[in-house]
Structure formats: structure tokens, C-alpha cells
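A, B, ... follow the sequence lines: proteins, then strands. Residue 1 opens every chain. For the numbers below, each heavy atom of this structure counts, side chains included, while hydrogens, waters and symmetry mates do not.
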Amino acid sequence: MPRLSSYLLPTEKQAPADAEAISHKLMVRAGLVRQLGAGLWTYMPAGWRAHENAAQIVREEMDRIGSQEILMPVLNPAELWQRSGRYEIDEVFKLQDRKGAEMVLAMTNEEVVTFHVASLVRSYRQLPFSLYHVQTKERDEPRPRAGLLRTREFIMKDAYTFDRDRAGLDEHYERFRGAYDRIFDRAGLEWYRVESDVGMMGGFGAHEYMAPCAAGENDVALAPGYAANVEVASAEPTAVELPAPRDAPEEVPTPGLTTIAEVAGKLGLPEGALLKAFPVIAEGRGLVLVVVRGDHQINDIKLTNALGTTFRPAREDEFAQRIGPPGSMGPVGADVPVLLDDAVAPGPYVTGANREGLHLRGVEPGRDFPFKRGDVRRVEPGDTVDGHAIRIEPAIEVGNIFKLGTRFSEPFGATYLDENGAEQLIWMGSYGIGPARICAAAVEQFADEQGISWPRSLTPFDVHLVGLGREGTEERALAERLYEELCEAGLDVIYDDREDVGPGGKFADAELLGCPLRLTVGKRSLASGEVEAQVRRGQESRALPLEGAAQAAVDLWQTLA
RNA sequence: CGGGGAGUGGCGCAGUCUGGUAGCGCACCCGGCUGGGGGCCGGGCGGUCGCAGGUUCAAAUCCUGUCUCCCCGACCA
């Protein structure tokens with residue numbers, strides 16, 4: 001166990017000027033990590049200990065559900081990626097070897113693992129099983145950010161399940177879900193498991209594990225018994241008070257008013273009493289007019305899912321003829337299919353009249369224009385799920401589990417012969433966790449003004465022993481003895497035996513580094529026969545009798561989070 | 001990729017507008033004091049001012065180009 005006098009823990013009083021996120025500032029200040037370039041980080045000894053603590057929890061829980069650890073190369077032949085179709089992804093690093101052969105740096109390992117499994121599995125008797133590895137991932141991110149939260153190179157545990165059929169995959173998936181729940185509990189994080197979008201990979205279901213924190217990149221919609229990424233979240237909209245119905249749409253002059261807010265203000269109506277119209281070009285389908293309540297916003301991912309295809313906003317020259325001028329568009333009389341958001345209740349609305357400076361009031365969906373329904377809006381705080389209002393919080397994704405299906409077994413010919421001798425595709429799932437993000441999320445969630453406050457399971461060291469006496473003093477000898485005893489008692493100890501740092505500096509560094517328990521030995525200990533023990537989280541102090549202090553520290557340690 | 005900001009010693013910064021021999025705090029080295037909350041005194045080391053080109057008697061400073069990093073957005077297995 002290290003003595004700080006000879007340990008590389010490069011703490012800093014000031015954070016790097018360009019750091020914004022709490023975890024970015026503190027992990028650098030505490031001497032855990034150093035930056036090499038955009039999204040490229042080196043772990044210092046203490047930082048690597050925390051990282052490996054997280055990785056070890058993951059390994060234990062993977063082993064526990066019978067997953068087998070392997071190791072696959074980062075450097076892959078490009079041919080595999082061309083076969084899966086993922087070679088086209090911009091984030092894949094591409095390179096050539098000296099012979100000019102195309103290579104890629106793996107961002108995950110579906111191609112490689114499926115390539116092997118395709119050649120190794122012949123019979124249904126060999127299924128199911130799962131493999132995992134903990135390996136460096138490379139991604140040419142468009143924008144690395146926030147220290148360790150989004151990097152171009154990082155270590156990830158990725159696991160792959162192989163089953164005979166969809167039911168087997170479902171069962172396997174549940175087992176991984178249980179393991180993931182345990183991992184994040186053990187890591188000491190506050191976390192949510194949320195429904196997530198299956199994205200461009202297709203698939204049969206996916207969940208993300210989200211750790212709420214200020215620097216998070218994702219928004220999560222939360223209500224009692226409900227948690228979903230806002231990318232896919234659905235909720236009951238708040239009610240909106242609509243005006244009295246009319247027999248037919250009625251024109252209202254709105255010269256110069258082109259925004260929802262302006263029109264609503266002029267007519268004295270809530271924004272939700274208006275309908276907002278967005279023309280989009282759906283891939284392969286052409287122009288579609290998407291209509292949502294005036295106070296709602298389109299969610300691109302949900303709209304993509306509702307359309308069943310990708311889309312882009314239409315340009316004015318594409319919609320002006322068939323619909324109307326921007327600022328006064330509406331579904332009535334539009335010569336295009338209308339996709340009406342589910343949150344639009346029946347009733348009379350104000351819409352654009354498709355003529356400059358003119359709106360319509362009393363417009364009723366169905367009576368005045370034909371439509372198809374779809375859930376395409378972004379949920380808003382205050383919407384309800386089962387009667388409970390949702391709130392929206394930022395969070396960082398720390399893990400994800402994903403039912404791949406046969407997305408990779410098809411191109412790689414990963415098949416087996418069933419009981420009847422018929423060839424069947426293997427059903428796959430993939431499961432990722434980033435230990436670095438677990439650590440960064442823990443820093444984000446539990447930091448205070450003084451620095452980091454590690455959960456017991458992740459901390460680089462269990463106990464931070466501060467020795468205040470100098471070489472040759474009696475209190476120094478006492479600290480040395482306690483250090484030995486703590487190590488013998490099985491605790492990981494970092495011992496601050498530095499001669500050239502005063503008490504203030506030592507305490508400040510201890511709080512910055514954030515080990516759960518700090519023990520201080522100085523002259524006072526000699527006088528009182530006691531050692532000061534301070535619990536990092538909450539910074540409560542108590543005195544431990546010198547006699548048996550190591551065991552008392554172990555006991556206290558057991559009670560910590 | 002769009003918008004904004006920044007590159008001056010290990011960290012944080014001033015100096016740039018108005019060109020004239022590069023400075024401050026912290027850290028570091030030496031000596032001394034101090035020793036339960038980043039302490040004090042004295043003496044030191046360390047910088048081709050991101051890079052390249054140009055203007056000029058003279059460039060950290062002006063001009064051109066370029067690289068890098070950060071933030072917001074887009075993007076994101």
C-alpha cells in the first residue's frame with residue numbers, strides 16, 4: 001500500500017481552465033487522470049484503481065451469471081465491417097496496414113464475436129451461452145466532452161448472448177438485466193433503467209442504465225414506476241382549455257403574425273389551443289405534414305419511428321405549392337398526408353390557413369381534414385403517466401442492454417442445426433458497460449465543495465491515513481504502527497507521510513481524493529490516546545481509541561455506503 | 001459540420017488594442033522558521049509566447065495561413 005511521499009498523485013489547487021463538468025474538474029484536480037488530447041485520457045495510479053474497482057464489479061457479476069470472459073482484438077479487418085454494413089459509420093476509425101489492407105479500430109465487437117461463433121457453433125446442443133470482454137473501444141466522436149464522460153478511446157465491457165430462438169434471447173436478456181441491476185447497486189450509484197430507442201441497429205428491445213447528474217447528456221423522463229429516455233418517452237399531455245366549437249372553420253386575419261406565441265397572444269388563447277404544422281420529407285414517401293399541439297415539440301426519434309423511415313425538414317420550395325407559406329401553414333386543404341400527434345385531443349383548434357396573414361379557427365381534426373395518428377411529440381414536464389406528473393432530469397448513460405436478434409448472425413452466417421436437422425439463425429443480444437463512466441458518474445453524484453466522495457465500492461483506497469508528525473517524532477512512530485495494522489486488517493490504505501506538506505495541505509488533498517474514511521494521527525493522538533476518524537460523506541468526525549484503532553476502523557468502514 | 005471562446009514556464013493568469021530586451025500567484029529547488037486546515041522569511045531554477053510565413057530597425061503584440069484545445073448545437077451502439 002502506497003505512501004504518499006513516493007506515490008504519483010498529482011493534485012492541483014486549480015482545475016484546468018477549460019473544464020466545465022464537476023467530474024472533469026475534480027478527477028483532474030485529485031490527480032486521477034490527465035488529458036492527452038481531445039477525448040484521450042491517461043489514468044494516474046489512483047484513478048486506475050477506481051476504474052479497475054468498477055471493472056472488477058462488472059466481471060464478478062458477469063461471471064456470476066455464467067458469462068465467459070474472452071479478449072478480442074481492437075484492430076479488425078475492414079472486411080468484417082463491410083459485411084455487417086457498419087463500415088459506413090462515420091465514427092469508425094479506419095486505417096491501412098503496411099500492405100495497404102483496410103483495417104478498422106473496433107467500437108464494439110459484434111462482427112468479431114459473431115465471426116467466431118459462426119464457425120464454432122454447429123448444433124443446438126451448443127446453445128445458449130454468452131461471452132464478454134473488457135477491452136478498449138475506439139470511436140471517432142464528433143465532439144468528445146466533459147472529461148471522461150464522452151471520450152474517443154475508452155474501456156468497455158461488452159457482452160454477447162447466443163440463443164436458439166427469440167424466447168431464449170428474452171430469457172437471457174432478463175438474466176443480464178438482473179446482473180446489470182446488481183452492478184449499479186454495488187457501484188453505489190443512483191441509477192435508473194429506462195426504455196430506450198433501438199436506433200439504427202434495429203433490434204427487439206433495449207434498455208439504458210442512466211445515472212442522473214448535472215453533466216449528463218441524456219434527458220430522462222421520470223415518474224413513480226416509470227423511467228424512459230425522452231427519446232422514446234410517452235405520457236398523457238396536460239389538458240388545454242379549448243374555445244367553443246364552430247360549425248365550420250372561420251378565417252381570422254393575422255397579418256405579420258407567424259409564430260405560435262404571436263398568434264395565441266393576439267387571439268387570447270393558450271398556445272395549446274393552436275396546432276403547429278411541420279412539413280417533412282420522409283425517405284421514400286415524400287412530403288408529410290406533421291401536426292402537433294402548439295405548446296408541444298416534435299421529437300425527431302419518435303417521429304422517425306412513427307414514419308417508419310428517416311426524414312428531413314422540407315424546404316420551402318418543396319412545400320409552398322402544396323401546403324402554404326411558412327408561418328401560416330395548416331392541415332386544412334393541404335395536398336399532403338397529415339400525421340397528427342396523439343396528444344391532439346378532439347376539439348376546435350386554430351391553425352394556419354395556408355395563406356399569408358391568415359389563420360383558421362374552429363378547425364376540427366377529422367371533420368375539416370383527414371389524418372393518420374402517431375406519437376411524435378417530446379414529453380413535457382407535468383405530463384402524466386398513470387396519473388403521476390413526470391419530471392425530466394439530465395443523466396449519463398452508464399450501460400445498455402440490447403436485443404439484437406439476427407442482425408449480425410445473418411450476414412455472418414451464424415447458424416446451427418436444430419433437433420430436426422434444420423438450419424436456424426442464432427439469436428443474439430449485446431450488453432455494454434463503461435467503467436470510466438461509472439466512476440465519473442459517482443464523482444458527479446457525490447462531490448461536494450471539498451472534492452470527491454467515493455462510494456465504498458469504487459474508492460481508490462479504503463482509508464486515507466494522515467500522519468502529521470515528522471520523521472523521528474513519537475506521533476510519527478504511532479502513525480507508522482497504525483499504518484501497518486490497518487494494512488494487516490485488510491484495508492487498502494493510502495498513507496500521507498509527506499514531510500514537506502503541512503496539515504492543511506494534507507487534509508485538503510484527502511478531501512479532494514475522497515476516500516470514504518480519513519484517519520488522522522498527530523500530537524493530539526498522543527495526548528488523548530485517540531485517533532480522529534472522519535467519514536468523508538458528511539464529514540462527521542469521531543474519536544477511535546488508539547488501542548485497537550485498526551479494528552475499530554474496519555468496523556466503522558463496514559457501516560459506510 | 002454550424003456558432004462561440006482560448007493557446008504566454010507544471011497549473012491558473014496579466015501583457016496584445018497603442019510593436020521597443022517577457023511578468024504575477026501557485027507549484028518546484030536551496031536555507032531557515034512553523035507544524036491539527038493549503039503557514040512565514042530569504043535566495044534560486046524554469047518560457048523558441050501553439051506552428052509556419054510575412055510586415056518592420058525591432059513582433060507575444062500587426063498581417064496571412066495553419067494546427068490544437070474547450071463550450072453550445074448538430075451528431076452519437
Review point. Hey, are A:Arg378 and A:Asp300 close enough for a salt bridge, meaning a charged N less than 4.0 Å from a carboxylate O?
Key: no
**Study point:** Distance-only donor-acceptor test, A:Arg29 side-chain atoms vs B:rG12 base atoms, 3.5 Å
**Key:** no
Exercise for review: Please measure how far the P atom in B:rG20 lies from the corresponding atom in B:rC13, and state the result in whole Å.
Suggested key: 24 Å
Exercise for review: Searching all strands shown, indicate the nucleotide that pairs with B:rG23 (Watson-Crick or G-U wobble; both distances under 3.5 Å).
Suggested key: B:rC13
Review point. Looking at the side chain of A:Ala38, which of B:rA74, B:rC71, B:rC69 is the nearest nucleotide?
Key: B:rC69
Exercise for review: Looking only at side-chain atoms of A:Lys13, point me to the closest of B:rA27, B:rG12, B:rC71.
Suggested key: B:rA27
Review point. Which whole-number value in Å describes the distance from A:Asp300 CG to B:rC75 P?
Key: 7 Å
Point to revise | Salt bridge present between A:Arg498 and A:Asp500 (N-O < 4.0 angstrom) | key: no
Revision key, fill the gap. Looking only at B:rC11, B:rC76, B:rC71, the nucleotide nearest the A:Gln14 side chain is B:rC11
**Study point:** Atom-pair distance (CZ on A:Arg150; C1' on B:rA74), nearest Å
**Key:** 12 Å
Review point. With nearest nucleotides of RNA chain B determined for A:Asp500 and A:Ala17 from heavy-atom distances, which residue corresponds to the more 5′ nucleotide?
Key: A:Ala17
Practice item. Indicate, with yes or no, if the rings of A:Trp454 and A:His464 have centres closer together than 6.0 Å. Key: no
Check your understanding: With rounding to whole Å, what would you report as the distance between B:rG3 and B:rC57 at their P atoms?
Key -> 38 Å
Exercise for review: Look at all strands and tell whether A:Ala508 reaches a base, only sugar-phosphate, or nothing, counting heavy atoms closer than 4.0 Å.
Suggested key: base
Point to revise | Check: A:Phe204 ring centre within less than 6.0 Å of A:Trp427 ring centre | key: yes
Point to revise | Spacing between A:Met107 atom CE and B:rC76 atom C1', to the nearest angstrom | key: 8 Å
**Study point:** B:rC70 OP1/OP2 closer than 4.0 Å to side-chain N/O of A:Gln35
**Key:** yes
Exercise for review: Quote, to the nearest angstrom, the C1' distance that separates B:rC17 from B:rG42.
Suggested key: 39 Å
**Study point:** Sidechain-backbone polar pair: A:Arg437 side chain, A:Leu149 backbone, donor-acceptor under 3.5 Å
**Key:** yes
Check your understanding: What distance, rounded to whole Å, do you find between the two P atoms, one in B:rC24 and one in B:rC41?
Key -> 16 Å
Practice item. Quick one: label A:Asp90 by what it contacts on the DNA or RNA (base, sugar-phosphate, nothing), any heavy atom closer than 4.0 Å. Key: nothing
**Study point:** For atom CD of A:Glu208 and atom P of B:rC76, their distance in whole Å
**Key:** 13 Å
Point to revise | Which nucleotide in B:rC72, B:rG38, B:rG36 has an atom nearest any side-chain atom of A:Phe507 | key: B:rG36
Point to revise | B:rC70 to B:rA27 separation - C1' atoms, rounded to the nearest Å | key: 24 Å
**Study point:** Base-pairing assignment for B:rA6 (Watson-Crick or G-U wobble, both under 3.5 Å)
**Key:** B:rU68
Exercise for review: Scan A:Pro10 against the nucleic acid and name what it touches under 4.0 Å (heavy atoms): base, sugar-phosphate only, or nothing.
Suggested key: nothing
Revision key, fill the gap. Whole-Å distance, A:Glu141 CD to B:rG73 C1', equals 15 Å
Review point. What is the base-pairing partner of B:rG53, counting Watson-Crick and G-U wobble geometry with both distances under 3.5 Å?
Key: B:rC63
Check your understanding: Which part of the nucleic acid does A:Glu511 contact within heavy-atom distance under 4.0 Å: base, sugar-phosphate only, or nothing?
Key -> base
Review point. Do we see a donor-acceptor contact under 3.5 Å between the side chains of A:Thr161 and A:Tyr431?
Key: yes
**Study point:** Selected nucleotide, minimal atom distance to A:Asp18 side chain, candidates B:rC71, B:rG36, B:rC69
**Key:** B:rC69
**Study point:** Touch class at under 4.0 angstrom, heavy-atom based, for A:Thr473 against every strand present
**Key:** nothing
Exercise for review: Would you kindly give the CD-to-C1' distance between A:Glu20 and B:rC72, to the nearest whole Å?
Suggested key: 10 Å
Review point. Taking the side chain of A:Arg152 as heavy atoms from C-beta outward, which of B:rG37, B:rC11, B:rC69 is closest to it?
Key: B:rC69
**Study point:** Between B:rG25 and B:rG38 - C1' atom distance, rounded Å
**Key:** 14 Å
Practice item. May I have the distance from A:Asn218 (atom CG) to B:rC75 (atom C1'), rounded to whole angstrom? Key: 13 Å
Check your understanding: Does A:Arg537 make a cation-pi contact with A:Phe446 (under 6.0 Å, within 45 degrees of the axis)?
Key -> yes
Exercise for review: Check whether any side-chain nitrogen or oxygen of A:Arg143 sits under 4.0 Å from OP1 or OP2 of B:rC72, and answer yes or no.
Suggested key: yes
**Study point:** Pair partner, B:rC75 [Watson-Crick or wobble, under 3.5 Å]
**Key:** none
Review point. In whole Å, what is the span from the CZ atom of A:Phe402 to the C1' atom of B:rC76?
Key: 14 Å
Check your understanding: What is the nucleic acid contact for A:Val501, judged by heavy atoms within less than 4.0 Å: base, sugar-phosphate only, or nothing?
Key -> base
Point to revise | Distance flag, aromatic centroids of A:Trp81 and A:Tyr87, threshold under 6.0 Å | key: no
Check your understanding: What does A:Ala19 touch in the nucleic acid at a heavy-atom separation under 4.0 angstrom: a base, only the sugar-phosphate, or nothing?
Key -> nothing
Check your understanding: Contact class for A:Gln450 vs. all strands (heavy atom < 4.0 Å): base, sugar-phosphate, or nothing?
Key -> nothing
Review point. Rounding to the closest angstrom, what is the interatomic distance between B:rG23 and B:rC40 at atom C1'?
Key: 24 Å
Exercise for review: Using a heavy-atom cut-off of under 4.0 Å over every strand shown, decide if A:Arg518 touches base, sugar-phosphate, or nothing.
Suggested key: base
Practice item. For A:Ala146, answer base if it contacts any base atom (sugar-phosphate contacts may also be present), sugar-phosphate if it contacts only those atoms, and nothing otherwise; contact means non-hydrogen atoms under 4.0 Å. Key: sugar-phosphate
Exercise for review: Please confirm whether the backbone N or O of A:Leu517 pairs with a side-chain atom of A:Arg536, one donor and one acceptor, at under 3.5 Å?
Suggested key: no
Practice item. Name the residue closer to the 5' end of RNA chain B, choosing between A:Arg145 and A:Gly522 according to the nucleotide with the nearest heavy atom. Key: A:Gly522
Review point. What distance, rounded to whole Å, do you find between the two C1' atoms, one in B:rA6 and one in B:rC51?
Key: 16 Å
